[in-house]
Amino acid sequence: MTETRIGYSTSQIALHWIIAALVLFQLFFGESMTTVVDAAEDGAAVSSADQALGSAHYWIGISTLALVLIRLLMRVVSGAPEPAESGPGWMRIAARGSHGLFYLLLLLTPIVGLLAFYIGDPWGDIHSLNKPVFVVLISVHAVAALFHQYWLRDGTLKRMLSPGR
Ligand code: HEM
Ligand code: HEM
């Protein structure tokens, strides 16, 4: 059972922001991996920048998967706080649902990425769908965090910045 806490631990906060930064890097520079894969199929040359970013995509993606597994284990062992009580009930359901969707995407995206790398299509096409889904989810998530902190003033963003019990 996942325990309920008042706040997130220092390691949970660190993992949240490290994983967020790695995912943003993957979203900004992922197209270099597409360029490398397409060039390999066509026997074409790629620029050294695309080569380096393609290789970074591979290793950063695998590291993200490892960090997400550690983060989920930590969540099961030490728990996570309940969503803030400040808004209407549907907001707590939306918070739980979107966090669950994030974890599902954070696990499936690198796994499908590995299938895309070693097998090719249709996994490549499926993997590429992660981008619009992540962009929508991250935008809604960030706006919701700011809305909680600065409109409802319930300290939601603060608890992802400083550790609680
Ligand atoms: C959280 C982790 C990851 C994210 C957010 C991510 C994101 C992306 C994005 C945005 C693209 C470009 C899609 C496009 O061109 O529109 C891409 C392409 C690609 N990624 Fe990832 N990726 C991740 C992990 C991985 C991993 C671990 C691997 C394999 C080791 C991988 C392999 C690939 C491959 C092979 C492509 C080219 C797909 C194709 O067009 O055939 N990715 N990724
Ligand atoms: C790639 C980007 C991001 C990803 C993948 C991500 C993912 C997540 C996940 C999975 C949780 C749930 C944590 C748990 O209870 O186990 C969470 C919580 C949270 N995130 Fe993010 N996040 C991202 C970006 C951001 C940004 C940009 C902000 C701020 C503007 C933010 C603010 C928060 C806050 C305040 C919480 C705590 C919510 C609560 O306690 O109910 N996140 N995030």
Side-chain angles (χ1 to χ4, degrees), residues 2 4-9 11-13 15-41 50 53-68 71-76 78-87 91-92 94-150 152 154-162 164:
T2 302
T4 300
R5 299 171 50 107
I6 307 281
Y8 292 98
S9 66
S11 339
Q12 283 175 313
I13 293 172
L15 282 170
H16 172 271
W17 294 111
I18 292 168
I19 291 169
L22 296 181
V23 168
L24 289 179
F25 178 90
Q26 296 293 77
L27 296 176
F28 273 110
F29 301 111
E31 272 168 41
S32 289
M33 180 59 124
T34 307
T35 307
V36 170
V37 169
D38 289 349
E41 276 170 15
D50 278 333
L53 286 172
S55 161
H57 190 83
Y58 183 95
W59 290 111
I60 290 178
I62 290 175
S63 311
T64 307
L65 178 60
L67 292 176
V68 169
R71 182 173 173 190
L72 277 172
L73 195 71
M74 215 174 253
R75 196 184 203 281
V76 171
S78 53
E82 282 292 319
E85 299 272 340
S86 51
M91 277 175 88
R92 283 187 286 286
R96 280 198 198 91
S98 60
H99 294 168
L101 200 56
F102 258 134
Y103 283 122
L104 193 68
L105 261 180
L106 289 169
L107 287 175
L108 285 183
T109 303
I111 292 172
V112 174
L114 280 165
L115 295 174
F117 189 80
Y118 289 106
I119 300 174
D121 281 335
W123 299 108
D125 293 338
I126 298 170
H127 180 68
S128 301
L129 291 177
N130 84 80
K131 191 170 176 175
V133 182
F134 260 128
V135 168
V136 171
L137 201 56
I138 293 168
S139 309
V140 173
H141 179 70
V143 169
L146 296 174
F147 178 75
H148 271 280
Q149 181 66 34
Y150 297 108
L152 300 176
D154 58 13
T156 295
L157 181 58
K158 195 170 164 280
R159 72 181 180 184
M160 206 32 118
L161 295 170
S162 54

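All residue numbers in this chain count up from 1 along the given sequence. Counting convention: from 1, in listed order, for ligands and their atoms alike. Scope of the values below: all heavy atoms of this structure, side chains included, with no hydrogens, waters or symmetry mates.
Within the 4.0 Å heavy-atom shell around ligand 2 one does not find Gln12. No heavy atom of Ile19 sits closer than 4.0 Å to any atom of ligand 2.
Judged by distance alone, the side chain of Gln149 and the main-chain N or O of Lys158 form a donor-acceptor pair under 3.5 Å.
Ring geometry for Tyr118 against Tyr58 counts as perpendicular: the plane angle is over 60°, on a 0 to 90° scale with 30° as the lower cut.
Counting heavy atoms closer than 4.0 Å to ligand 2, residue Trp17 contributes side-chain atoms (C-beta onward) but none from N, CA, C or O. The proximity of Leu65 to ligand 1, defined as any non-hydrogen pair under 4.0 Å, does not occur for either the backbone or the side chain. Here Phe134 has no heavy atoms under 4.0 Å from ligand 2, in either its backbone or its side chain.
Rounding to 10 degrees, one finds that atom 21 (Fe) of ligand 2 sits at the corner of an angle of 180° between His141 NE2 and His16 NE2.
For the residues Arg96, Met160, Gln26, Arg71, the heavy atom positioned nearest atom 36 (C) of ligand 2 is part of Met160.
Those atoms of ligand 2 that come under 4.0 Å of a heavy atom in Arg75, given as number and element, are 14 (C), 15 (O), 16 (O). For ligand 2, the atoms sitting less than 4.0 Å from at least one non-hydrogen atom of Ile138 are 1 (C), 2 (C), numbered in the order shown with element in parentheses.
Here the heavy atom of the protein found nearest to atom 39 (C) of ligand 1 is Gly124 CA, 3.9 Å. Scanning all protein heavy atoms for the shortest distance to atom 28 (C) of ligand 1 gives Gly113 C, 3.5 Å. Taking atom 19 (C) of ligand 1 as the reference point, the nearest protein heavy-atom neighbour is His127 CD2, 3.2 Å.
Geometrically, ligand 1 and Thr34 share a nitrogen or oxygen pair separated by less than 3.5 Å.
Note that NE2 of His127 is 11.0 Å distant from CZ of Phe117, once rounded to the nearest 0.5 Å.
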